S.K.: 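Quick one: structure below, then a few questions.
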2 protein chains.
Amino acid sequence: MPLAPTTASPALVRRREALHARLATPALFAAGEAPSRNYPANRYRFRAASHFSYFVGRALPASLLLFIDGRTELFTHPPDPDDALWHGPRPELECVAEELQLDRVRPLVELDAALAPYRGSVATLPTQDAATQELVSRCLGREVRAGTGAALASPLDAALADAMIALRLVHDDAALAQMRFAAAVSAEAHVAGISATKPGKTELSTLAAMLSVLRGAGLEDAYGPIVTTHGEVLHSDRYDHDLRAGDLLLADVGGETPEGWAADITRTWPVSGRYSATQRAIYDVVLAAQHAALAVCKPGGRYRAVHDAAKRAIVEGLVLLGVFRGEVDGLLERGAAALFFPHGIGHLLGLDVHDMEDLGDRAGYAPGRTRSALFGDGYLRLDRDLAPGMCVTIEPGFYQVPGILDDPRRTESLGEDLRRDVLARFSDVRGIRIEDDVLITSDGHEILSAGVPKDPAGIEQLMAAS
Amino acid sequence: MPLAPTTASPALVRRREALHARLATPALFAAGEAPSRNYPANRYRFRAASHFSYFVGRALPASLLLFIDGRTELFTHPPDPDDALWHGPRPELECVAEELQLDRVRPLVELDAALAPYRGSVATLPTQDAATQELVSRCLGREVRAGTGAALASPLDAALADAMIALRLVHDDAALAQMRFAAAVSAEAHVAGISATKPGKTELSTLAAMLSVLRGAGLEDAYGPIVTTHGEVLHSDRYDHDLRAGDLLLADVGGETPEGWAADITRTWPVSGRYSATQRAIYDVVLAAQHAALAVCKPGGRYRAVHDAAKRAIVEGLVLLGVFRGEVDGLLERGAAALFFPHGIGHLLGLDVHDMEDLGDRAGYAPGRTRSALFGDGYLRLDRDLAPGMCVTIEPGFYQVPGILDDPRRTESLGEDLRRDVLARFSDVRGIRIEDDVLITSDGHEILSAGVPKDPAGIEQLMAAS
């Protein structure tokens with residue numbers, strides 16, 4: 001497995017120039033620091049903040065990037081001989097400037113003075129860790145908040161957020177090279193996971209096989225991996241169930257490159273190597289929903305329509321299976337889809353697995369559009385018109401969640417048209433999700449995660465061969 | 001691979017009773033929360049604070065344990081039906097109380113009122129994350145600091161720290177079961193790493209093989225793994241070097257159980273499967289240093305003497321190889337050992353890989369003992385008299401660090417007695433470390449990490465077989 005590509009400095013320079021062209025004020029981006037785990041010196045592996053990575057392409061802890069008067073300057077700790085003993089030699093600041101084609105790289109201690117003349121007019125974005133929040137607040141002379149879009153109270157910061165959204169919504173070639181790599185390796189991890197699954201083993205053994213592929217290619221987890229026979233627990237983080245022959249195993253696992261670009265793939269396969277007839281029937285409904293959603297994935301398609309297409313296909317399929325009785329439009333109006341597909345069809349994908357979620361719905365929702373108040377639809381993270389270069393996930397699912405199906409508030413609108421006797425026949429389907437990473441192209445879309453099969457025959461064949 | 005054992009509640013109760021017996025005031029322990037990674041909802045995997053885990057044995061985020069008037073009460077978020085959709089059902093508070101044999105489990109919102117009558121007299125220990133720091137500070141009505149032992153400014157908190165140190169220095173059977181499991185799996189990971197190493201592959205491929213074993217058994221990394229051909233970079237976190245036939249590969253990798261108990265093992269093996277004559281010669285010096293150190297690992301042995309024994313053996317060995325010229329005592333006085341072995345011989349091991357490092361040298365150093373001011377010795381993390389039930393690492397090493405050997409401040413005391421012409425013959429040895437996890441027993445010690453070979457013949461045999 002080759003290593004991830006490295007974004008060359010000309011691509012980084014182009015991104016910086018594109019931001020300069022949109023900026024009316026100076027802007028400061030912090031890389032952040034690795035948070036501590038059980039004691040201060042034992043830290044999680046450092047992951048630079050995405051807005052910083054977008055322009056720097058390297059994970060430089062405790063560094064800040066300043067856009068000012070048309071120049072781009074990096075502030076960071078200079079190499080320290082005593083530190084070299086523990087962490088190895090680091091390049092001199094001039095070398096960093098040259099390699100990354102930055103106008104200047106300066107010692108971090110100079111940041112305060114450099115900002116002083118501009119205090120009050122420097123835009124920034126929410127930081128992740130408390131130490132960085134404190135540093136940036138001090139340097140800017142105002143309280144910078146951590147957290148989501150709600151923190152963008154300052155009009156300065158909101159304007160910077162909008163500029164970043166405009167840039168990061170559409171991926172350049174360097175970004176796509178990163179995302180193609182992340183998706184290819186993550187697909188390979190799924191192939192390894194499918195191949196490693198056997199009755200009598202545990203969820204952990206499949207997880208380990210998948211992570212081994214990611215780590216072997218230098219990828220970290222883009223998010224907490226889900227590998228579970230209890231697919232109905234949407235964000236399950238347990239891996240301790242035994243794999244039994246009748247189970248489906250749902251794996252939602254994706255890596256990110258050292259620069260931070262993410263993949264996000266889900267497959268659901270039978271532990272035994274063969275879907276039961278009932279599992280296969282529901283799987284086909286979910287797959288049809290994905291096809292229906294993908295049909296809307298083209299320039300000008302609205303993402304809410306992608307979501308609606310999937311909902312419709314799921315209800316149509318469940319009507320054919322007899323789980324719902326009645327006419328599809330009416331069932332949809334009565335909230336039928338969310339009973340079994342309670343989440344959104346997907347989200348933006350990029351440097352974050354939910355790209356730019358730190359900016360809140362300002363990133364995911366086009367101006368003037370807001371979240372639905374309905375159960376299910378309200379979880380949709382994205383409602384923009386699709387354009388070439390955007391990357392999204394398409395991830396329909398079917399889940400039997402007791403907390404939904406046993407809750408009269410959720411089911412009463414369906415009444416007897418939810419045929420529980422029929423549903424009972426599908427008790428061996430707890431949860432199915434099929435998720436791909438989709439790039440919008442000039443004439444449609446391209447599936448970046450095509451390296452792992454999703455048709456039932458392909459999955460069964462892979463399992464039979466291993 | 002079986003899963004890690006679970007500490008049964010009677011063992012947890014005994015630990016709580018032991019603390020109650022030492023407490024003059026109420027005490028509050030926070031589990032903490034998972035810090036965010038690139039955006040707020042994308043969190044690192046939760047790891048409960050060690051002092052909390054010691055008494056609760058389960059990773060319950062955003063929970064606090066209160067020792068008060070002889071009772072032990074847990075405060076946590078009650079199960080929430082809406083949360084169950086995403087994270088699965090959680091047990092009712094009464095069930096948690098019963099399972100963990102706690103006097104009471106109460107909703108988190110009651111904590112403030114429960115503490116009100118005792119405000120000003122409740123002891124606590126440093127928290128890790130900022131959110132928890134804020135919560136505890138608010139509930140206790142005083143600023144609680146994050147970070148190391150320096151934060152123990154309050155005599156209340158210092159007394160609690162001393163009580164915890166007394167408890168956690170000596171491991172009970174339940175703790176040892178956890179540590180034995182962590183060490184056994186981590187040793188197996190090393191076996192897998194040794195077996196997976198081949199010229200032409202990369203550090204990443206060996207890392208992936210090792211992590212696969214850890215994850216497959218449900219273990220997280222107890223610390224950032226080191227897998228490098230540049231062993232002279234003591235805390236290397238890069239994995240991108242190719243494996244070449246002449247290289248040594250140094251792997252310092254250890255897992256921790258879901259309850260948080262750690263292992264910490266280092267092995268150094270030849271990429272080709274055969275140590276060169278020069279590599280073998282230095283390896284034997286480091287191995288002899290480990291044997292010399294282990295000979296002092298028994299009740300009553302002082303850990304500084306363990307360190308000194310390793311230093312002496314390293315200098316003796318290097319004199320025999322001709323790297324140093326002169327008499328061992330004199331060379332040691334002139335700082336010879338730290339030129340090639342600049343770190344301490346080891347540290348406490350337990351719920352933290354550097355156990356209780358959050359409490360600073362108060363944990364590692366017996367009262368009245370302080371760190372040496374000398375280069376090398378000053379990095380020794382532990383100087384206590386060893387007692388049955390204590391667990392330590394023993395990890396001598398030899399490194400050719402340019403930042404040391406090219407620094408006249410470090411080498412001038414040795415003058416010509418450091419034979420650089422002889423040293424040049426050992427240029428294929430960048431870094432070697434051999435590290436085991438050692439339990440002090442009533443009549444000596446037991447090596448918990450014995451499942452992976454460390455004698456050169458055993459390692460070569462393992463590589464030949466794979």
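Everything numeric here is computed off the predicted structure, so don't read it as measured data. Throughout, protein chains are lettered first and strands after them, A, B, ... in sequence-line order, and every chain is numbered starting at 1.
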S.K.: If I take atom OG from residue A:Ser50 and atom CH2 from residue A:Trp261, how far apart are they, to the nearest 0.5 angstrom?
M.R.: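 With rounding to 0.5 Å, OG (A:Ser50) is 8.5 Å from CH2 (A:Trp261).
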S.K.: In terms of heavy-atom proximity below 4.5 Å to chain A, should B:Asp129 be classed as side chain, backbone, both, or neither?
M.R.: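 Nothing of B:Asp129, per the 4.5 Å heavy-atom cut-off to chain A.
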S.K.: Can you tell which part of B:Gln133 gets under 4.5 Å to a heavy atom of chain A, answering side chain, backbone, both or neither?
M.R.: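 Contact with chain A involves no heavy atom of B:Gln133 at all.
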S.K.: Measure B:Ile404 against the heavy atoms of chain A and call it side chain, backbone, both or neither at under 4.5 Å.
M.R.: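 Only the side chain of B:Ile404 comes within 4.5 Å of chain A.
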S.K.: Side chain, backbone, both or neither: which part of B:Leu351 has an atom under 4.5 Å from a heavy atom of chain A?
M.R.: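 Only the backbone of B:Leu351 comes within 4.5 Å of chain A.
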S.K.: Given heavy-atom pairs under 4.5 angstrom as the criterion, report whether the side chain, backbone, both or neither of B:Asn38 touches chain A.
M.R.: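 Answer is both: backbone and side chain atoms of B:Asn38 are under 4.5 Å from chain A.
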S.K.: Using non-hydrogen atoms and a 4.5 Å limit, figure out which bit of B:Glu256 sits close to chain A: side chain, backbone, both or neither.
M.R.: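 Answer is side chain: those atoms of B:Glu256 sit under 4.5 Å from chain A.
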S.K.: Can you tell which part of A:Asp237 gets under 4.5 Å to a heavy atom of chain B, answering side chain, backbone, both or neither?
M.R.: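 A:Asp237 touches chain B through backbone and side-chain heavy atoms alike.
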S.K.: Would you check, one step at a time, whether the test side chain to side chain contact (heavy atoms under 4.5 Å, CB included) holds for B:Arg45 with A:Tyr44?
M.R.: CA-CA 10 Å; B:Arg45 191 167 176 85; A:Tyr44 291 97; 5.8 Å; no
S.K.: Taking side chain as everything from C-beta outward and backbone as N, CA, C, O, which of these in B:Phe52 sits under 4.5 Å from a heavy atom of chain A? Side chain, backbone, both or neither.
M.R.: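 Answer is neither: B:Phe52 stays 4.5 Å or more from chain A.
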S.K.: What option among B:Pro35, B:Ala34, B:Gly403 has the most heavy-atom pairs under 4.5 Å with chain A?
M.R.: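 Most heavy-atom pairs under 4.5 Å with chain A: B:Pro35.
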S.K.: Do the side chains of A:Arg47 and A:Glu220 get close enough for a salt bridge, i.e. N-O under 4.0 angstrom?
M.R.: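 Between A:Glu220 and A:Arg47 there is no salt bridge, as every charged N stays at least 4.0 Å from the carboxylate O atoms.
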S.K.: Is B:Tyr223 in contact with chain A via its backbone, its side chain, both, or neither, using a 4.5 Å heavy-atom distance?
M.R.: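 B:Tyr223 touches chain A through backbone and side-chain heavy atoms alike.
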S.K.: Checking heavy atoms, do the side chain of B:Ser236, its backbone, both or neither come under 4.5 Å from chain A?
M.R.: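 Looking at B:Ser236, just its backbone touches chain A.
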S.K.: When you check the gap from the basic side-chain N to the acidic O, do A:Arg43 and A:Glu33 get nearer than 4.0 Å?
M.R.: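 Result for this pair is yes, salt bridge flagged.
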S.K.: Does A:Phe375 have A:Arg410 sitting over its ring (NZ/CZ under 6.0 Å from centre, angle to axis within 45°)?
M.R.: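 A:Arg410 over A:Phe375 ring: yes.
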S.K.: Using a cut-off of under 4.5 Å on heavy-atom pairs, state which of A:Thr206, A:Leu234, A:Asn42 scores highest against chain B.
M.R.: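 Maximum pair count with chain B is reached by A:Leu234.
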S.K.: Checking heavy atoms, do the side chain of B:Ala222, its backbone, both or neither come under 4.5 Å from chain A?
M.R.: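 Only the backbone of B:Ala222 comes within 4.5 Å of chain A.
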S.K.: Where on A:Asp352 is there a heavy atom nearer than 4.5 Å to chain B: the side chain, the backbone, both, or neither?
M.R.: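 Both parts, backbone and side chain.
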S.K.: Are B:Arg37 and A:Asp221 within salt-bridge range, i.e. N to O under 4.0 Å?
M.R.: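 Between A:Asp221 and B:Arg37 there is no salt bridge, as every charged N stays at least 4.0 Å from the carboxylate O atoms.
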S.K.: With a 4.5 angstrom heavy-atom cut-off, could you sort out which part of B:His354 is near chain A: side chain, backbone, both or neither?
M.R.: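 It is both, since atoms from each part get that close.
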S.K.: Just so I know, are the side chains of B:Arg430 and B:His230 near enough to count as touching, which here means a heavy-atom distance under 4.5 Å?
M.R.: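 With C-beta onward as the side chain, the pair touches.
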